[in-house]
Amino acid sequence: MTKVSVVGSISMDLVTSTKRVPQAGETVFGENFAMVPGGKGANQAVAFARLAPRDVNMIGAVGNDAFGETILKNFKENAVLFDDVGTVPQTTGIAQITLFDDDNRIIIIPGANNEVLPDYLENFWEKIKDSQLVVLQNEIPHETNLAVAKFCKENAIKVLYNPAPARKTDLEMIEFVDYITPNEHECKELFPNEFLEEILAKYANRLIVTLGSEGVIFHDGNEVQKIPAIKAKVVDTTGAGDTFNGAFAFGLTENLSIADSIQLAVVASHLSIHKFGAQGGIPSLAEVEDKLKELNLNFYKEKKGL
Ligand SMILES: Nc1ncnc2c1ncn2[C@@H]1O[C@H](COP(=O)(O)OP(=O)(O)OP(=O)(O)O)[C@@H](O)[C@H]1O
Ligand SMILES: [K+]
């Protein structure tokens, strides 16, 4: 049995930093360029694999180009199982990221990720059925997410759904998934005109909202719980959310409580922002364990009987 299957996006991030953004028709010199693997699906799979090597199966697609080859190599190096990552006659998904003035501007070209349609999963349903948990995000077509979520519901397989980036169709997913992890902004898009506390109570132990440097909020069935973020010297927050989701999935598959799974994910995402790139800072299990020890948090140690 595969512990986790991630059905989701795979991209190459092309990151340019510049002190000036060109106007139409203008050319400027930038400061730096880096090419790093990304895509929410791939990042979350790598985050899980850093904690549990070879326990996560990636299902998705890359294009028939040099980016695709580099990405497959990256899965291999990170102990993500990638037999179900196909190469399709398209470009690999690309995120063109411009870092300017302490903020980012991103253009995404989905490319191969748009080919991950329900029919594409034909040979993968058995693998999905054999998973303990399935992880979804919003960078492949909605119809695929819905088909996977419905299939999992029918087969009593737990689903973690990270509705990022927000889409109008997200509400359709809710009844078929177990955990929903929007950030604050995505939560507002998902439930406009509703008070956060009320919506958290309605989806107690299911809706987990990440609040960036403020931490995480959810309802435990009795009351609202806020788990604070751990202060950090930020290098690059790209991938913090994905690290959170991968680590939260890991906690769940280790049979930790929701609160402990969130706490573990808060530690992992804290560590992730100390390094450049979406996947650059994702911690190993040893690094997470060291940090838990430093913070005097013993729940994982106790669970493992250490
Ligand atoms: N500046 C920060 N300091 C400490 N922890 C942080 C910071 N930013 C993010 N985190 C941790 O990462 C978690 C996820 O971050 P956030 O809510 O920004 O998700 P996101 O918007 O999906 O992230 P991104 O899209 O940047 O990957 C937070 O709940 C928090 O625990
Ligand atoms: K990072």
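Atoms within each ligand, like the ligands themselves, are counted from 1 in listed order. Each residue takes its place number in the sequence, starting with 1.
- In this structure, Gly215 counts as a contact residue of ligand 1, since one of its heavy atoms falls inside 4.0 Å of the ligand.
- For atom 3 (N) of ligand 1, the nearest non-hydrogen atom of the protein is Ile273 CD1, 3.4 Å.
- Remark: minimum distance from atom 4 (C) of ligand 1 to any protein heavy atom is reached at Ile230 O, 3.2 Å.
- In this structure, of Gly212, Pro182, Ala229, the residue bringing a heavy atom nearest to atom 28 (C) of ligand 1 is Gly212.
- Residue contacts with ligand 1, taken as heavy atom pairs separated by less than 4.0 Å, involve Asn183 solely via side-chain atoms from C-beta onward.
- Looking at ligand 1, you won't find any N or O of His270 less than 3.5 Å from one of its N or O atoms.
- Residues Gln137 and Asn162 have side chains that never bring a donor and an acceptor to within less than 3.5 angstrom of each other.
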Leu292 vs Val267, side chain to side chain contact (heavy atoms under 4.5 Å, CB included): CA-CA, chis, key distance, verdict: CA-CA 7 Å; Leu292 287 170; Val267 169; 3.9 Å; yes
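- Not less than 6.0 angstrom separates the ring centroid of Phe151 from the ring centroid of Phe176.
- Considering both main-chain and side-chain atoms, Val266 never comes within under 3.5 Å of ligand 1 through any nitrogen or oxygen pair.
- Heavy atoms of Thr243 found under 4.0 angstrom from ligand 1: none, in either backbone or side chain.
- Listed by number with element, the atoms of ligand 1 under 4.0 angstrom from any heavy atom of Val216 are 29 (O).
- Heavy atoms from other residues, nucleotides or ligands lying under 6.0 Å from NZ of Lys3 number more than 12.
- At most 12 heavy atoms of other shown residues, nucleotides or ligands fall within 6.0 angstrom of atom CZ in Phe195.
- Arg20 has no carboxylate O lying under 4.0 Å from a charged side-chain N of Glu31, or vice versa, which leaves the two without a salt bridge.
- For ligand 1, the polar-atom distance check finds no N/O of Val234 at less than 3.5 Å from any of the ligand's N/O atoms.
- Separation of the Tyr179 and Phe218 ring centroids does not fall under the 6.0 Å cut-off.
- Backbone or side-chain N, O or S atoms of Gln279 do not reach the K ion (ligand 2) at under 3.4 Å.
- Taking 3.4 Å as the threshold, Ile273 does not count as a candidate ligand of the K ion (ligand 2), since none of its N, O or S atoms lies below it.
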Glu289/Lys301 under salt bridge (Lys or Arg N to Asp or Glu O under 4.0 Å): CA gap, chis, key distance, verdict: CA-CA 8 Å; Glu289 285 179 317; Lys301 226 171 113 191; over 6 Å; no
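- Looking at Thr2 and Asn57, their side chains never bring a donor and an acceptor atom within 3.5 Å of each other.
- Taking backbone and side-chain atoms together, Ser272 has an N/O/S atom less than 3.4 Å away from the K ion (ligand 2).
- Nearest to atom 24 (P) of ligand 1 among the protein's heavy atoms is Gly241 N, 3.8 Å.
- When each of Val7, Asp178, Ile157 is tested with Cys152 by the rule side chain to side chain contact (heavy atoms under 4.5 Å, CB included), just one qualifies, namely Ile157.
- Some N or O of Ser269 is nearer than 3.5 Å to an N or O of ligand 1, by distance alone.
- Looking only at atom types and distance, the side chain of Glu172 has a donor-acceptor partner in the side chain of His142 under 3.5 Å away.
- Close contacts between ligand 1 and Gly239 involve ligand atoms 27 (O) [criterion: under 4.0 Å to a heavy atom].
- Within 6.0 Å of the CD atom in Glu194, the count of heavy atoms belonging to other residues, nucleotides or ligands exceeds 12.
- Take the K ion (ligand 2) as the corner point: the lines to O of Gly277 and to O of Asp236 open at 140°, to the nearest 10 degrees.
- Summary of contacts: the protein heavy atom closest to atom 25 (O) of ligand 1 is Lys40 NZ, 4.4 Å.
- At a heavy-atom distance under 4.0 Å, only backbone atoms of Leu211 (N, CA, C or O) approach ligand 1.
- Close contacts between ligand 1 and Thr237 involve ligand atoms 26 (O), 27 (O) [criterion: under 4.0 Å to a heavy atom].
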